[in-house]
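Only one structure is covered here, and it is reproduced in the block below.
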Protein chains: 2
Amino acid sequence: MAELLSTTYTRADEAFDCLQTAIVKGELAPGEKIGELELCSRFNLTRGPLREALGRLESRGLLVRRPHAGVKVVSVSASELMELYRIREVMEGLAARQAAERMTDQEIADLQATLDTHERMIDEAQGQAYYQAEGDYDFHHRIATGSRNTKLAQMLLGDLYYMVRMYRYRLSTSTGRPQRALGEHRRIVEAIAQRDGELAEFLMKRHINAARQNIERKIEEGELTI
Amino acid sequence: MAELLSTTYTRADEAFDCLQTAIVKGELAPGEKIGELELCSRFNLTRGPLREALGRLESRGLLVRRPHAGVKVVSVSASELMELYRIREVMEGLAARQAAERMTDQEIADLQATLDTHERMIDEAQGQAYYQAEGDYDFHHRIATGSRNTKLAQMLLGDLYYMVRMYRYRLSTSTGRPQRALGEHRRIVEAIAQRDGELAEFLMKRHINAARQNIERKIEEGELTI
DNA sequence: TTAGCCAATATTGTTGACAATATGATCGCT
DNA sequence: AGCGATCATATTGTCAACAATATTGGCTAA
């Protein structure tokens, strides 16, 4: 189960994907100190590719490595998670502004269709979890790529989202407010459709700020523990 | 020339540093396809640590790797360089705002002293190049760390700065305007000293925006070619 | 009893050899 | 003569053994 992609898929890539999803899904607990050979047997890998993957993961900030002492998954504190949302706020605001300037009409139409799908899922109620977990990231993913800013998309999709998703899985109890979030999404897309970059940036920043405050409040109320 | 740091320094770290500085200084030209064994002989390394370093560099976006085809240094177009400045604008704006809220009085005093040093260097005229190359990054570096936002500092210092510095070296003819930049720096520090985060963010964004427009203009005038 | 030191051990870092694959040139065919 | 396929080569990907080092447990001494 490897040669599915047209481009050749090396063992190191496989190791990287396995470890990344394992960390994101919480199968490797934060703060857990884990040995290389244990990881090898667990994912049927050999140490060479594994070490290369570990280097990449470390450079992405998902784990830390002390020489001769082993690797351990990063444990992000509540305050650090809030800092991630501050970064998302400004970066996704920029992405929304540039997306308003550069997305094609077709992409915008697809984005609106995506929101329709999300709405149906929310109406069918059982889709709440899906909406929060996947739908939300689908929306933000499209805007990041729509910005046509390669490095921006790379940083958002490659670095930040995995850190945030890691905690979305952990505090799996959906953070609520799907209807309100959908409304915010709709207004952002409207601004993009009207090519109003300034408004799109403002709305996106406020949207992420609201999500941050929502999580912050739940943490303070003790509903979520990190 | 290796065991200088208190923490143990592995060959992979050495390889990573060597390659990174080589790329930044332009010793490895962008677009250049380079073999692993050539890199090994050039930096007195063996392939294991080298490959680990290559993985890290790739994940940071400084080079691309195609399986069985070799690595090549990324070549950033002029428009992509401008996109990097857009990202810097929002991220460093956030850094300035958080620095205004969180830097200690001592750190702010040090920052002001740093600017005095820069001013002396500019007055002594020959320091122009230094100021632009190192002094500017010293200033931005201090603010990034002063934000107390670990991930933000990591992304700015680890990813963006190396990409930008890479082109600062290339278009080595100092991009000019040191006096104006120094004045902008001073005003940013004043806002931080007054704990006015909103103003600090505004001034920082305008500062970076000005730097971007300056480069953009020089490129259009043909003074700089990328 | 506890604190500090030392050694054994297990883990990581490194190395060199082996296997798989993309590239480039040569040869044959149209 | 131009184009395509095939094969040799060189480079990368992978593996397993060796060396170096941090940790852990035990021991000694205060």
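Below, chain A is the first sequence line, B the second, and so on; all start at residue 1. Note that these values count all heavy atoms, side chains included, but never hydrogens, waters or copies made by symmetry.
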Fill in: Those residues that, when tested against A:T117, pass side-chain hydrogen bond (donor to acceptor under 3.5 Å, both in side chains) (two or more places apart)
none

Practice prompt. Kindly write out the residues that satisfy salt bridge (Lys or Arg N to Asp or Glu O under 4.0 Å) with B:E32, not counting sequence neighbours, or none if the list is empty.
Written response: none

Practice prompt. Figure out the NZ/C1' separation between A:K33 and C:dT12, and round it to whole Å.
Written response: 11 Å

For nucleotides 9-13 of chain D, list the nitrogen or oxygen atoms of the protein found under 3.5 Å from its nitrogen or oxygen atoms, one pair per line.
{"from": "D:dT12", "atom 1": "OP1", "to": "B:E36", "atom 2": "N", "distance (Å)": "3.0"}
{"from": "D:dT12", "atom 1": "OP2", "to": "B:E36", "atom 2": "N", "distance (Å)": "3.1"}
{"from": "D:dT12", "atom 1": "O3'", "to": "B:H68", "atom 2": "N", "distance (Å)": "3.2"}
{"from": "D:dG13", "atom 1": "OP2", "to": "B:E36", "atom 2": "OE2", "distance (Å)": "3.3"}
{"from": "D:dG13", "atom 1": "OP2", "to": "B:R51", "atom 2": "NH1", "distance (Å)": "2.3"}
{"from": "D:dG13", "atom 1": "OP2", "to": "B:R51", "atom 2": "NH2", "distance (Å)": "3.3"}
{"from": "D:dG13", "atom 1": "N7", "to": "B:R47", "atom 2": "NH2", "distance (Å)": "2.8"}
{"from": "D:dG13", "atom 1": "O6", "to": "B:R47", "atom 2": "NH1", "distance (Å)": "3.1"}

Item to complete: Before accepting this row, confirm whether a basic side-chain N of the pair A:E107/A:R148 lies closer than 4.0 Å to the acidic partner's carboxylate O.
Response: yes

Worksheet entry | Check: A:V71 main-chain N/O paired with A:R65 side-chain donor or acceptor under 3.5 Å | no

Practice prompt. To the nearest Å, give me how far apart CG (A:L50) and P (C:dT14) are.
Written response: 15 Å

Worksheet item: How many Å lie between NZ on B:K72 and C1' on C:dA22, as a whole number?
Response: 15 Å

Item to complete: State which residue, out of A:D13, A:D159, A:D17, fulfils the salt bridge (Lys or Arg N to Asp or Glu O under 4.0 Å) condition with A:R56.
Response: A:D13

Response to the item:
Closest non-hydrogen atoms of A:E201 and A:R97, given as atom of the first, atom of the second and distance, are OE1-NH1, 2.9 Å

Worksheet item: Atom CG of B:L45 to atom P of C:dG13: distance rounded to whole Å?
Response: 16 Å

Worksheet item: B:F16 has an atom CZ; how far is it from atom P of C:dG13, in whole Å?
Response: 16 Å

